Amino acid sequence: MPELPEVETTRRGISPHLTGRRVVRVDVREPRLRWPVPTELPRVLAGQAIEAVARRGKYLLLRTRGGTLILHLGMSGSLQVVPAAAGPGPHDHVDVVLEGGQALRLTDPRRFGCLLWTPGDPLRHPLLAGLGPEPFDTAFTGAYLYGQTRGRRAPVKALLMDSHVVAGVGNIYANESLFLAGIHPGRPAGRIGLARYGRLAGAVRAVLEKAIRAGGTTLRDFVGVDGQPGYFAQHLRVYEREGKPCEVCGHSLHRRVIGQRASYFCPRCQR
DNA sequence: CAACGGACCTGCCTGC
DNA sequence: TGCAGGCAGGTCCGTT
């Protein structure tokens, strides 16, 4: 489900409910996520005030004085702020109960998400330390991508989805960005020039920015904090549009598995 | 080192 | 109607 725009939508949604609030307790109903929820989490988080809700790539960071809660939504996770008394559904694995009667509730049917605790600098945590630049960071440029991809034979789409190259770009937005930049997703990354990478960096930012403004993409089950879907799905130009006409040239869009992931593109516009 | 396949899970849809 | 198979927004890890 969630790529950078969905995580950012979630961050903006939960932040006003969490910032400055104290955690009363943590209810872990199902600790078996991607990694087990640390057994000490309820103990260390209880009593802490949440000072800020930040995002790095697809990770959410709930900062407190004593440490940081690191949260990833995996493929199917979502967060909602609910009345703490509301009965949990079957996949509501964790509640962070806040003073004032509300709770931050993690729902994740596939359990690919994670919830971890670090007492130190979260950006030095093993999961975050190796992340590439944020797409909106000034370090993310065509020259950066060009430098990262010299000698690489992997398809450009695989590199674009590699969080160590750039953080937060998943399958939907990689497809959309490559379409906007006119680059074929299967092209070896090392065989793309500086100018085209400049266009790609701009396309990534443009697509993500527009998606954030639309509240993310809801395909099947993504919901924002108030349960509302995102509206970017109606702006998708290639994703899950196999056989439909390209909006630019009218050619039938193709689907092909590239780097183990479904890839959608216009064979005429993208080279 | 880069590249690839497998692994972790559930739900939903399709086709026989 | 039932069931097997395929597919899904992520990403780490082990093997070539």
Side-chain angles (χ1 to χ4, degrees), chain A residues 1-10 29-37 55-60 70-79 89-94 106-116 125-132 135 147-178 185-191 204 207-208 211-212 214-224 229-236 238-243 255-264:
Chain A
M1 167 194 52
E3 302 185 34
L4 189 152
E6 292 72 39
V7 178
E8 178 62 19
T9 295
T10 300
R29 283 177 289 270
E30 174 56 86
R32 294 175 304 167
L33 304 186
R34 168 98 206 239
W35 293 283
V37 177
R55 180 187 58 74
R56 176 76 175 97
K58 297 172 191 166
Y59 290 91
L60 284 169
I70 299 174
L71 222 150
H72 196 289
L73 298 175
M75 290 273 264
S76 58
S78 60
L79 290 169
H91 302 297
D92 295 342
H93 306 313
V94 179
L106 172 69
T107 308
D108 186 4
R110 291 176 72 180
R111 291 194 273 123
F112 283 180
C114 71
L115 211 135
L116 300 167
H125 188 280
L127 288 174
L128 304 191
L131 290 179
Q148 284 288 304
T149 50
R150 290 313 85 190
R152 305 287 295 269
R153 280 171 306 166
V156 59
K157 177 158 173 279
L159 271 282
L160 200 53
M161 291 177 64
D162 182 346
S163 64
H164 302 280
V165 174
V166 54
V169 181
N171 202 26
I172 295 177
Y173 301 110
N175 279 298
E176 296 298 313
S177 302
L178 287 164
R187 174 168 286 273
R191 292 193 42 234
V204 168
V207 167
L208 294 179
I212 291 170
T217 301
T218 297
L219 294 175
R220 288 162 263 278
D221 53 12
F222 172 74
V223 289
Y231 295 100
F232 192 70
Q234 58 203 75
H235 300 287
L236 295 175
V238 290
Y239 190 78
E240 289 191 338
R241 298 194 69 242
E242 180 186 19
R255 175 191 191 275
R256 208 168 92 195
V257 175
I258 296 170
Q260 277 111 274
R261 306 299 296 274
S263 304
Y264 302 86

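In what follows, chains carry the letters A, B, and so on, assigned in the order in which the sequence lines appear, proteins first and then strands, with residues in each chain numbered from 1. Fair warning: this is a prediction, and the values are worked out from it, not measured in the lab.
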Spacing of [X] atom [atom1] relative to [N] atom [atom2], expressed in whole Å:
X       : N       : atom1 : atom2 : result
M75(A)  : dC7(C)  : CE    : C1'   : 9 Å
R111(A) : dG9(C)  : CZ    : C1'   : 18 Å
L106(A) : dG10(C) : CG    : P     : 17 Å

My understanding is that only residues two or more places apart in sequence, or in another chain, count here; which of them pass salt bridge (Lys or Arg N to Asp or Glu O under 4.0 Å) with [X]?
X       : answer
E242(A) : none
R32(A)  : E30(A)
R153(A) : none
R55(A)  : E8(A), E134(A)

Indicate, with a heavy-atom threshold strictly under 4.0 Å, whether A262(A) touches base, sugar-phosphate, or nothing. sugar-phosphate

Base, sugar-phosphate, or nothing: which does Y239(A) touch, judged by heavy atoms less than 4.0 Å apart? sugar-phosphate

Within the 4.0 Å limit for protein heavy atoms, which parts of nucleotides 11-16 of chain C are touched? Write it as a string from 5' to 3', B for base, S for sugar-phosphate only, - for none. BB----

Is it the case that the side chain of R241(A) and the backbone of Y264(A) share a donor-acceptor pair, with hydrogens and angles ignored and the cut-off at 3.5 Å? no

Going by the rule side-chain contact (heavy atoms from CB on, under 4.5 Å), which residues pair with [X] if we only count those two or more places apart in sequence or in a different chain?
X       : result
R261(A) : K157(A), M161(A), N171(A)
K58(A)  : E3(A), V7(A), H72(A)
D162(A) : H164(A), V165(A)
P188(A) : R191(A)

Quick one: list whatever passes ring-ring contact (aromatic ring centres under 6.0 Å, His included) with F232(A), sequence neighbours left out. Y173(A), H235(A)

Sort out for me which residue in V238(A), L208(A), T217(A), V204(A) forms a side-chain contact (heavy atoms from CB on, under 4.5 Å) with E176(A). V238(A)

Just to be sure I follow the notation: if a pair is Watson-Crick (purine N1 to pyrimidine N3 plus N6-O4 or O6-N4) or a G-U wobble (N1-O2 and O6-N3), each under 3.5 Å, what dot-bracket string does DNA chain C give, with | for pairs to another strand? .|||||||.|||||||

What's the gap between dG5(B) and dC7(C) when it is taken at their P atoms, as a whole Å value? 15 Å

By nearest heavy atom, map G259(A) and R110(A) onto DNA chain B; which one lands nearer the 5' end? G259(A)

Can you tell me if F112(A) is stacked onto the base of dC9(B), using a 5.5 Å centroid cut-off and an angle below 30°? no

Among the candidates dT10(B), dC8(B), dA8(C), find the nucleotide nearest to the side-chain atoms of Y264(A). dA8(C)

Taking the minimum atom-to-atom distance to the side chain of H91(A), which one of dT10(B), dC4(B), dG9(C) wins? dT10(B)

Is there any protein nitrogen or oxygen under 3.5 Å from a nitrogen or oxygen in nucleotides 1-3 of chain B, and what are the pairs?
unit_1: dA3(B); atom_1: OP1; unit_2: R153(A); atom_2: N; d: 2.7
unit_1: dA3(B); atom_1: OP1; unit_2: A154(A); atom_2: N; d: 2.9
unit_1: dA3(B); atom_1: OP2; unit_2: R152(A); atom_2: NE; d: 2.9
unit_1: dA3(B); atom_1: OP2; unit_2: R152(A); atom_2: NH2; d: 3.3

Less than 3.5 Å between a donor and an acceptor, one on the side chain of Q260(A) and one on the base of dG5(B), is that the case here? yes

